[in-house]
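Take a look at the structure below.
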Amino acid sequence: MNATGGGYVGRLAPSPTGALHLGNIRTFMVAWLRARSLGGRVVLRMEDLDHPRDKPGAAAAALDDLRWLGFDWDMEWTQSERKAAYREALEKLGGRVYPCICSRRDVEAAQSAPHAGEQLFYPGTCRGRFASWREAAAEIAPRTPCWRFRVEPGESRVGFRDVFAGEVSCDVAATLGDFPLARDEGGAGYTLAVVVDDAAMGVTEVVRGDDLLAATPAQILVQRALGLPEPVYCHIPLVTGQDGLRLAKRHGDTRIAAYRASGVRAERIIGMLAASCGWCEEGEEIRLAELVPRFSLSSIPAKPWKFTADFSRRLAAAG
Ligand code: GLU
């Protein structure tokens, strides 16, 4: 049994840092269809802890776009309302965490070898350096420290079987070092919050973009330190531009709101994205719920799906 009554529990976890675009929706379609095709429940979790980057109105707009596209969910959570739970988890971690004042530039300068991807190796510069968060904060005011998780060599190898990506194995001490948990005195930051919430929501499987595959071993170490259950993971290749980089503004306006405003029907967007996953023919207009019996993970291409401006033209063309 879990918090939502047993069985499969999946989640959609938008961040209100901007409007939802085709890339977000394609991943959410996989997550939603996976849950519904297994008779499971879906929790919507608004990840609104990233204050400088969160945009006013973006959370409500995201929910509105999702409903318009045919998504539904059984429970709704908002991370900014769950700060007491993050503080409690931080206290539970006790000596496993320490405040760090290193800037990104400091950490980059400390790299002994180039590390692939966005994640930097942290050599533990601030381990044992400050007696408290307050002491660290005073040293770098007005900048804010971050909490780092102390990775012990004996526990640092993490292996798991990703439903889509296959076997993953990583020595966190060697690749990431002591990774950041939260840039907030109370622990309200992405890595701690995602671990605490997945457990509290009873999430049995995390379906998300594979940009987070490299962050998963760190999340598993935090679960273990807190004695929380480990969900199954399923990381889906992201949507990229022709340049192979993650879909962004420079690739064109792929916001759902923009297609809506220009009169594109929800069924057409769903159909075009479903075609990219092998669930229907391109040009077929279909409602999200109608895809439940057609859903399969194995027809999704293992390579990132590349967006082109021509896709937007075909999307806007009458059925
Ligand atoms: N909120 C994150 C995002 O929009 C997803 C985090 C997660 O799925 O763990 O990229």
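Order of appearance sets the numbers: ligands from 1, and atoms from 1 within every ligand. Computed from a prediction, not measured in an experiment: that's the story for all the values here. Note that the numbering runs from 1 along the sequence shown for the chain.
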Open item on the list: For the CD atom on E135, are there more than 12 heavy atoms of other groups (residues, nucleotides or ligands in this structure) within a distance under 6.0 Å?
Closed with: yes

Open item on the list: With side chain to side chain contact (heavy atoms under 4.5 Å, CB included) as the criterion, how do D50 and Q79 come out once you've worked through the C-alpha distance, each side chain's angles and the decisive distance to 0.1 Å?
Closed with: CA-CA 10 Å; D50 197 356; Q79 289 192 323; over 6 Å; no

- [ ] Check if Q219 has a non-hydrogen atom at a distance under 4.0 Å from any atom of ligand 1.
- [x] no

Task: Nitrogen or oxygen atoms of S15 and ligand 1 under 3.5 Å apart - done: yes

TODO: Could you list the atoms of ligand 1 found under 4.0 angstrom from a heavy atom of Y190?
DONE: 6 (C), 7 (C), 9 (O)

- [ ] Check ligand 1 against R11 and write out every atom of the ligand that is under 4.0 Å from a heavy-atom position of the residue.
- [x] 7 (C), 8 (O), 9 (O)

Task: Subset of ligand 1 atoms that lie under 4.0 Å from at least one heavy atom of R208 - done: 7 (C), 8 (O), 9 (O)

TODO: Could you tell me whether some N/O pair between L212 and ligand 1 is separated by less than 3.5 angstrom?
DONE: no

Task: Full working for side chain to side chain contact (heavy atoms under 4.5 Å, CB included) between E267 and I286 - done: CA-CA 5 Å; E267 290 82 353; I286 189 160; 5.7 Å; no

Open item on the list: Quick one, W279 with F295, criterion ring-ring contact (aromatic ring centres under 6.0 Å, His included). Give me CA distance, side-chain angles, the key distance, then yes/no.
Closed with: CA-CA 6 Å; W279 305 322; F295 172 78; 5.3 Å; yes

Open item on the list: Checking R208 against T27: is there a side-chain donor and acceptor pair closer than 3.5 Å?
Closed with: no

Open item on the list: Below 4.0 Å, non-hydrogen atoms only: which portion of N24 touches ligand 1? Side chain, backbone, both or neither.
Closed with: neither

Open item on the list: When you compare the side chains of T17 and D54, does any donor N or O come within less than 3.5 Å of an acceptor on the partner?
Closed with: no

- [ ] Say whether E47, considering both its backbone and side-chain N or O atoms, lies within less than 3.5 Å of an N or O atom on ligand 1.
- [x] yes

Task: Per-atom contacts of ligand 1 with V194, taking only distances under 4.0 Å to non-hydrogen atoms - done: 9 (O)

- [ ] Enter the distance from D243:CG to F307:CZ here, rounded to the nearest 0.5 Å.
- [x] 11.5 Å

